[in-house]
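The figures that follow rest on heavy atoms only: side chains count, while hydrogens, waters and symmetry mates do not.
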Amino acid sequence: MIPASTPPERRERGEVLLTAEGIGISFGGLRALDGVGFSARAGEVLAIIGPNGAGKTTLFNIVSGLYRAGSGRITLAGEDVTEAPPHRLAARGLSRTFQNLQVFFRMTALENVMAGRHLRESSGLFADLFRLRRARLENACTREAAAHLLAEVGLAEHADTPAGSLPYGALKRLEIARALATQPRVLLLDEPAAGCNPVETEEIDHLIAEVARRG
């Protein structure tokens, strides 16, 4: 979990960006989480550690709005977002990746990252349909930003490669690039190196450290 990617002029290093207090949820008669809490500050790299079935992904799903907590409270940059849906959280600066890959396999690597930036575009459906100048300029800016992010994660040479043709470790880095395209203040990475070999894992470790350093 990385509170990162917001320029220094927009926040102070060490500022508390994300908090969870007393989070609990049950599925039927199973209490999956009970009284979980943490806080994440700008510039920190934090890890949630536990065995399979401990509830790590469930906690991520609650924080990112996919699940609604049965109890507790979540704040993002001081704002109560406990009941906010995922798209509202993304617009407020919280992005995530998934334990199981969620990429568009028939799209190119560049197109995948461009899709992640749609929240930062202001042109509407009309402008896109009729290819108005504003829409064309925004598309060019999105393409340039996506290409830059691909370079940052080491995938520049695969920009035009269909995602389905990329090796597994590259897909993990592609998903991180797409999450960064939303320009998040907090980045949640759900087992970002799961299933990777030692070389791929080391590459992702270095990438996470570099993202936090730049933040």
N/O donor to acceptor pairs below 3.5 angstrom from side-chain atoms of residues 162-174, sequence neighbours left out:
{"unit_1": "Tyr168", "atom_1": "OH", "unit_2": "Ala194", "atom_2": "O", "d": "2.9"}
{"unit_1": "Lys172", "atom_1": "NZ", "unit_2": "Gln99", "atom_2": "O", "d": "3.2"}
{"unit_1": "Lys172", "atom_1": "NZ", "unit_2": "Glu191", "atom_2": "O", "d": "3.2"}
{"unit_1": "Arg173", "atom_1": "NH1", "unit_2": "Val153", "atom_2": "O", "d": "2.8"}

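No single ILVMFWY cluster, assembled from side-chain heavy atoms under 4.5 Å apart, contains both Val113 and Met107.
A 4.5 Å side-chain heavy-atom check between Leu59 and Ile48 finds at least one atom pair inside the cut-off. Contact of the Arg143 side chain with the Leu110 side chain is registered, since non-hydrogen atoms from C-beta on lie closer than 4.5 Å. Taking 4.5 Å as the limit, some side-chain heavy atom of Leu94 sits within range of a side-chain heavy atom of Ser64. For the pair Pro192 and Ile208, the minimum side-chain heavy-atom distance is below 4.5 Å. Looking at heavy atoms from C-beta onward, Glu15 lies in side-chain contact with Leu17 at the 4.5 angstrom threshold. Cys196 is listed as a side-chain neighbour of Ile204, based on a closest heavy-atom distance under 4.5 Å.
The structure places CG of Leu33 at 5.0 Å from CD1 of Ile62, a figure rounded to the nearest 0.5 Å. Atoms CD and CG, on Gln183 and Leu149 in that order, are 8.5 Å from each other to the nearest 0.5 Å. The CG atom of Leu207 lies 5.0 Å from the CD1 atom of Ile176; values are rounded to the nearest 0.5 Å. Separating the CZ atom in Arg41 from the CD atom in Glu44 is a distance of 6.5 Å, to the nearest 0.5 Å. Taking CZ from Phe27 and OG1 from Thr58, the interatomic distance works out to 4.5 Å, rounded to the nearest 0.5 Å. Atom CG of Asn61 sits about 5.0 Å away from atom CG of Leu66, to the nearest 0.5 Å.
Counted by atom type alone, Thr19 and Ser39 present zero donor-acceptor pairs between their side chains at under 3.5 Å. A donor and an acceptor atom, one from each side chain of Arg117 and Thr142, are located under 3.5 Å apart.
The backbone N or O of Ala115 lies less than 3.5 Å from a partner atom in the side chain of His118, making a donor-acceptor pair. Checking side-chain atoms of Lys56 against main-chain N and O of Ile49 turns up no donor-acceptor pair under 3.5 Å. Between the side chain of Glu175 and the backbone N or O of Val103, no donor-acceptor pair lies under 3.5 Å. For Glu202 (side chain) and Val199 (main-chain N/O), no donor-acceptor pair under 3.5 Å exists by modelled atom type. Judged by distance alone, with hydrogens and angles left aside, the side-chain atoms of Thr108 form a donor-acceptor pair with the main-chain N or O of Glu111 at under 3.5 Å.
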Starting from the C-alpha separation in whole Å, work towards a yes-or-no answer on side-chain contact (heavy atoms from CB on, under 4.5 Å) for Phe38 and Val63. CA-CA 11 Å; Phe38 66 86; Val63 173; 4.2 Å; yes
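Under the ring-ring contact (aromatic ring centres under 6.0 Å, His included) criterion, Phe98 pairs with no residue at all, not counting sequence neighbours. Among residues two or more places apart in sequence or in another chain, the ring-ring contact (aromatic ring centres under 6.0 Å, His included) test is passed with Phe104 by none.
Contacts classified as salt bridge (Lys or Arg N to Asp or Glu O under 4.0 Å) and involving residues 26-36 (residues at least two apart or in different chains) are given here: Arg31-Asp34. Annotation: salt bridge (Lys or Arg N to Asp or Glu O under 4.0 Å) contacts involving residues 85-100, sequence neighbours excluded, comprise Glu79-Arg92, Arg96-Asp190. Pairs of residues two or more places apart, or lying in two chains, that qualify as salt bridge (Lys or Arg N to Asp or Glu O under 4.0 Å) and include a residue from residues 145-165 are Glu152-Arg214.
Across all non-hydrogen atoms, the minimal contact from Ala84 to Leu89 is O-CD1, 3.7 Å. Annotation for Ala179 and Pro184: closest pair O-CD, 3.6 Å, computed over non-hydrogen atoms.
For Glu144, the CD atom is loosely surrounded, since the number of other residues' heavy atoms within 6.0 Å does not exceed 12.
Of the residues Thr75, Ile74, Leu46, the one that meets the side chain to side chain contact (heavy atoms under 4.5 Å, CB included) test with Leu18 is Ile74.
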